[in-house]
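Owing to the predicted nature of the structure, the values given are computational and were not obtained by experimental measurement.
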Amino acid sequence: MRIVKNLKNFLLDQDYYIDIFDNNLHVYYYESLIHLSDKLIKLKLKEFSLEIEGKDLIVSSMDNHEILIKGIINNVRFIR
């Protein structure tokens with residue numbers, strides 16, 4: 001099913017795509033990592049910042065424009 005989502009994202013040329021599932025947060029098309037700790041991760045996206053608050057947060061995998069964050073996610077906030 002993820003392949004279909006990725007293909008739609010590519011074809012529709014979206015600015016970003018965010019998946020949240022089972023204590024995981026997957027962000028496509030982020031621009032930079034602003035802050036990293038086990039309680040707070042901040043990402044810069046094209047038009048806003050994304051704050052992920054939680055416990056035992058880790059970056060499980062990271063690519064140029066894709067990041068997977070694992071841990072107990074308590075809050076996700078969009079900041080313009």
Side-chain angles (χ1 to χ4, degrees):
M1 195 63 164
R2 184 171 305 241
I3 294 171
V4 174
K5 288 181 185 178
N6 289 344
L7 187 57
K8 283 182 185 178
N9 194 25
F10 175 75
L11 293 175
L12 297 175
D13 193 29
Q14 296 176 342
D15 288 335
Y16 66 92
Y17 187 81
I18 300 170
D19 266 337
I20 301 174
F21 56 95
D22 299 330
N23 292 323
N24 292 287
L25 183 102
H26 200 182
V27 181
Y28 297 93
Y29 305 118
Y30 79 98
E31 291 185 356
S32 63
L33 178 63
I34 299 170
H35 179 82
L36 175 64
S37 74
D38 64 337
K39 294 179 182 156
L40 177 66
I41 297 176
K42 292 182 184 180
L43 300 173
K44 173 72 177 119
L45 280 76
K46 187 174 182 177
E47 296 187 20
F48 59 89
S49 295
L50 184 67
E51 288 187 357
I52 302 100
E53 296 175 343
K55 181 179 175 187
D56 301 325
L57 299 176
I58 61 166
V59 174
S60 178
S61 66
M62 187 175 185
D63 196 5
N64 287 340
H65 302 289
E66 182 177 350
I67 191 167
L68 177 61
I69 298 166
K70 292 185 176 183
I72 299 169
I73 298 169
N74 296 326
N75 192 16
V76 178
R77 183 177 311 135
F78 296 86
I79 301 172
R80 292 214 182 261

Please name all residues satisfying side chain to side chain contact (heavy atoms under 4.5 Å, CB included) with I72, sequence neighbours left out, ordered by chain then number.
-> K55, N74
Those residues at least two apart in sequence (or on a different chain) that pass side chain to side chain contact (heavy atoms under 4.5 Å, CB included) with H35 are S37, L40, K42
Scan residues 51-80 for pairs that pass ring pair (Phe, Tyr, Trp, His ring centres under 6.0 Å), counting only residues two or more places apart or in two chains.
-> F48-F78
Can you get from I73 to I58 by hopping between Ile, Leu, Val, Met, Phe, Trp and Tyr side chains that sit under 4.5 Å apart?
-> no
So, taking the atom named [atom1] in [X] and the one named [atom2] in [Y], what distance separates them when rounded to the nearest 0.5 Å?
{"X": "I69", "Y": "S61", "atom1": "CD1", "atom2": "OG", "result": "9.5 Å"}
{"X": "D38", "Y": "I41", "atom1": "CG", "atom2": "CD1", "result": "9.0 Å"}
{"X": "I79", "Y": "I34", "atom1": "CD1", "atom2": "CD1", "result": "8.5 Å"}

Minimum heavy-atom separation for [X] and [Y], please, with both atom names.
{"X": "L68", "Y": "K70", "value": "CD2-CE, 3.9 Å"}
{"X": "V76", "Y": "L50", "value": "CG1-CD1, 3.5 Å"}
{"X": "Y30", "Y": "L43", "value": "CD1-CD2, 4.2 Å"}

With sequence neighbours excluded, what pairs up with D56 under the side-chain hydrogen bond (donor to acceptor under 3.5 Å, both in side chains) test?
-> none
Summary of salt bridge (Lys or Arg N to Asp or Glu O under 4.0 Å) pairs that have at least one residue in residues 20-31, sequence neighbours excluded = none
Pairs flagged by side-chain hydrogen bond (donor to acceptor under 3.5 Å, both in side chains) wherever residues 43-52 is involved - sequence neighbours left out | E51-R77
